[in-house]
2 protein chains.
Amino acid sequence: MLNSYSTADKVLLAVDCIIFGFDEDGLKILLIKRDFEPEKGKWSLMGGFLKKEEVLDDAAIRVLNTYTGLQDIYMEQLYTYSEIDRDPVERTVSVAYYALINIENHNAELIQNYHAKWFSVSEVPKLIFDHDNMLSHAIRRLRYRTSMRPVGFELLPEKFKMSQLLKLYESILDKQIDKRNFISKINSLDILIKLDEKDMTSSRKGSYLYTFDKEKYDAKLLNHFALNF
Amino acid sequence: MLNSYSTADKVLLAVDCIIFGFDEDGLKILLIKRDFEPEKGKWSLMGGFLKKEEVLDDAAIRVLNTYTGLQDIYMEQLYTYSEIDRDPVERTVSVAYYALINIENHNAELIQNYHAKWFSVSEVPKLIFDHDNMLSHAIRRLRYRTSMRPVGFELLPEKFKMSQLLKLYESILDKQIDKRNFISKINSLDILIKLDEKDMTSSRKGSYLYTFDKEKYDAKLLNHFALNF
DNA sequence: TCTTTAAATGTAATTTTAACACTTAATTAT
DNA sequence: ATAATTAAGTGTTAAAATTACATTTAAAGA
């Protein structure tokens with residue numbers, strides 16, 4: 001009988017977390033070296049099982065915290081993977097989540113203690129199970145999302161140079177963007193605040209720092225602003 | 001222990017199917033009247049449980065077939081819903097799928113026999129559980145998808161009038177579209193074949209029929225064509 | 001032959017995008 | 001002190017895409 005709750009099969013439900021970060025080397029992703037079987041010692045996404053009294057969004061937050069110490073990271077659901085043998089131990093369906101975070105803000109030490117490591121997305125090692133697939137799916141989603149609304153907020157430090165924002169976009173979209181066109185397009189969105197402060201570390205002239213104007217950003221989100229580079 | 005397969009909770013995993021159709025009244029959705037508890041007699045999406053040796057995509061196809069007789073409908077995964085009490089009987093996580101189908105091609109009789117019924121999306125009754133939420137999510141997705149690539153293929157009959165295609169777009173996007181701009185934009189995509197045949201049923205002058213050029217469409221899909229109305 | 005009805009068709013103004021290169025400010029080296 | 005170096009900063013123009021907008025056409029029915 002199709003709809004008998006009592007006879008229906010139950011399965012293990014897992015979550016896997018894809019965490020993007022950004023630094024001077026470009027776009028990065030956070031991985032852990034598995035300390036348990038199967039595939040012990042291999043690189044993997046942070047994953048774990050859903051609990052009976054837990055919502056998937058919360059499970060993703062909990063699992064990420066367990067493996068990295070990262071707190072209260074807001075993640076978006078990506079896709080649910082259900083290939084029969086995706087996990088060799090037992091049939092497990094996995095719901096992938098992804099998030100964008102600021103590497104600097106999120107204590108590198110803590111991540112060290114937990115054996116997590118940042119990898120450039122262009123140099124990701126072979127991952128366990130179907131995690132490669134999840135990752136490439138997440139990158140596609142991130143690219144799409146970037147074309148729908150600005151992404152800098154989550155990935156950049158509080159104060160950043162225009163050239164960092166440009167580099168972030170170039171990393172995500174994996175292409176060169178004309179500096180002048182980029183700046184005028186970003187400025188036309190009117191969501192950045194130019195500070196009086198300059199960053200003197202990377203050039204003789206120094207470069208102005210910016211912050212996001214969260215209020216204006218939120219106001220515009222409702223209107224679905226789009227960027228097309 | 002976080003990663004012990006043996007002690008992890010297992011949950012019921014369901015699929016729910018959101019089927020869109022289109023006819024002279026506009027955009028429609030297929031619902032069934034539940035013939036089992038709970039919520040017997042209420043309108044609902046077609047849903048059922050995942051089997052142990054089954055992939056989610058296949059489960060969605062099977063469940064849809066069981067309730068409607070529809071065969072081999074390709075569905076896309078939408079989102080996974082996991083609120084604790086979303087199903088009052090037992091904790092059930094549900095993966096929603098959606099598809100676009102041609103109402104005429106899919107035998108109304110068969111659907112009758114199975115107690116399924118088409119509803120205009122603007123006149124959908126209250127649905128069980130969180131199915132309203134799934135539906136509104138699916139409509140959002142359909143709108144987005146429509147702005148990314150043409151949708152007519154799946155929803156229209158083999159041969160159709162330009163005015164039907166226009167109406168389809170207006171139904172999905174829920175706004176008026178200028179006829180001349182629509183036609184020139186569609187034509188610029190170069191994926192329609194204008195037939196010599198005319199449909200004489202709706203006007204004295206008659207209107208030319210079109211079909212999709214599947215080859216050109218597939219070729220362009222690779223280039224991610226976008227429409228912006 | 002006049003009326004009716006939906007179908008079919010084109011242009012001009014505006015906005016957006018894309019391509020493109022030189023100047024500036026400050027430090028460092030001679 | 002002056003010349004060289006380096007990243008930062010800045011505008012214009014051409015092309016393409018989008019939007020707004022109104023009349024004519026083909027056939028049937030009165």
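Numbered from 1 within each chain, the chains take letters A, B, ... in sequence-line order.
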Measure CG/Asp199(B) against C1'/dA7(C) and give the value in whole Å, please. 12 Å

4.5 Å side-chain heavy-atom contact, Trp43(A) and Lys33(A): yes

To the nearest Å, give me how far apart OH (Tyr208(A)) and C1' (dT24(C)) are. 11 Å

Which residues pass the salt bridge (Lys or Arg N to Asp or Glu O under 4.0 Å) test with Glu83(A), sequence neighbours left out? none

Polar atoms only, N or O, under 3.5 Å: list the protein pairs with nucleotides 20-22 of chain D and their distances.
from    : atom 1 : to        : atom 2 : distance (Å)
dA20(D) : N7     : Asn181(B) : ND2    : 3.1
dA20(D) : N6     : Asn181(B) : OD1    : 3.1
dC21(D) : N4     : Asp178(B) : OD2    : 3.4
dC21(D) : N4     : Arg180(B) : NE     : 3.4

Expressed in angstrom and rounded to an integer, what is the separation of Lys194(A) atom NZ from dA8(D) atom P? 13 Å

Any residue meeting salt bridge (Lys or Arg N to Asp or Glu O under 4.0 Å) with Arg34(B), in chain and number order, not counting sequence neighbours: none

Tell me, please, which residues at least two apart from Tyr208(A) pass ring pair (Phe, Tyr, Trp, His ring centres under 6.0 Å). none

Could you tell me the separation between the CG atom of Leu166(B) and the C1' atom of dA8(C), rounded to a whole number of Å? 13 Å

Assign each of Ser184(B) and Lys161(B) to its nearest nucleotide of DNA chain C by heavy atoms, then name whichever residue's nucleotide is nearer the 5' end. Lys161(B)

Rounded to whole Å, CG of Asn187(B) lies from P of dT9(C) at a distance of 9 Å

Protein-nucleotides 26-30 of chain D N/O pairs under 3.5 Å:
none

Rounded to whole angstrom units, what separation is found between the NZ atom of Lys185(B) and the P atom of dA8(C)? 20 Å

Is the backbone N or O of Leu189(B) less than 3.5 Å from a side-chain atom of Lys220(B), with the two atoms forming a donor-acceptor pair by type? yes

Asp132(A): partners by salt bridge (Lys or Arg N to Asp or Glu O under 4.0 Å), with sequence neighbours left out: Lys126(A)

Just the rounded figure in Å: distance from P of dA7(C) to CZ of Phe160(B). 14 Å

Check the distance between dT18(D)'s P and Leu189(B)'s CG and give it to me in whole angstrom. 10 Å

Side-chain donor or acceptor of His106(A) paired with backbone N/O of Asn102(A) under 3.5 Å: yes

Is Glu170(B) reaching over with its side chain to a backbone N or O of Ile177(B), donor-acceptor style, under 3.5 angstrom? yes

Are the side chain of Gln164(B) and the backbone N or O of Lys161(B) linked by a donor-acceptor pair below 3.5 Å? yes

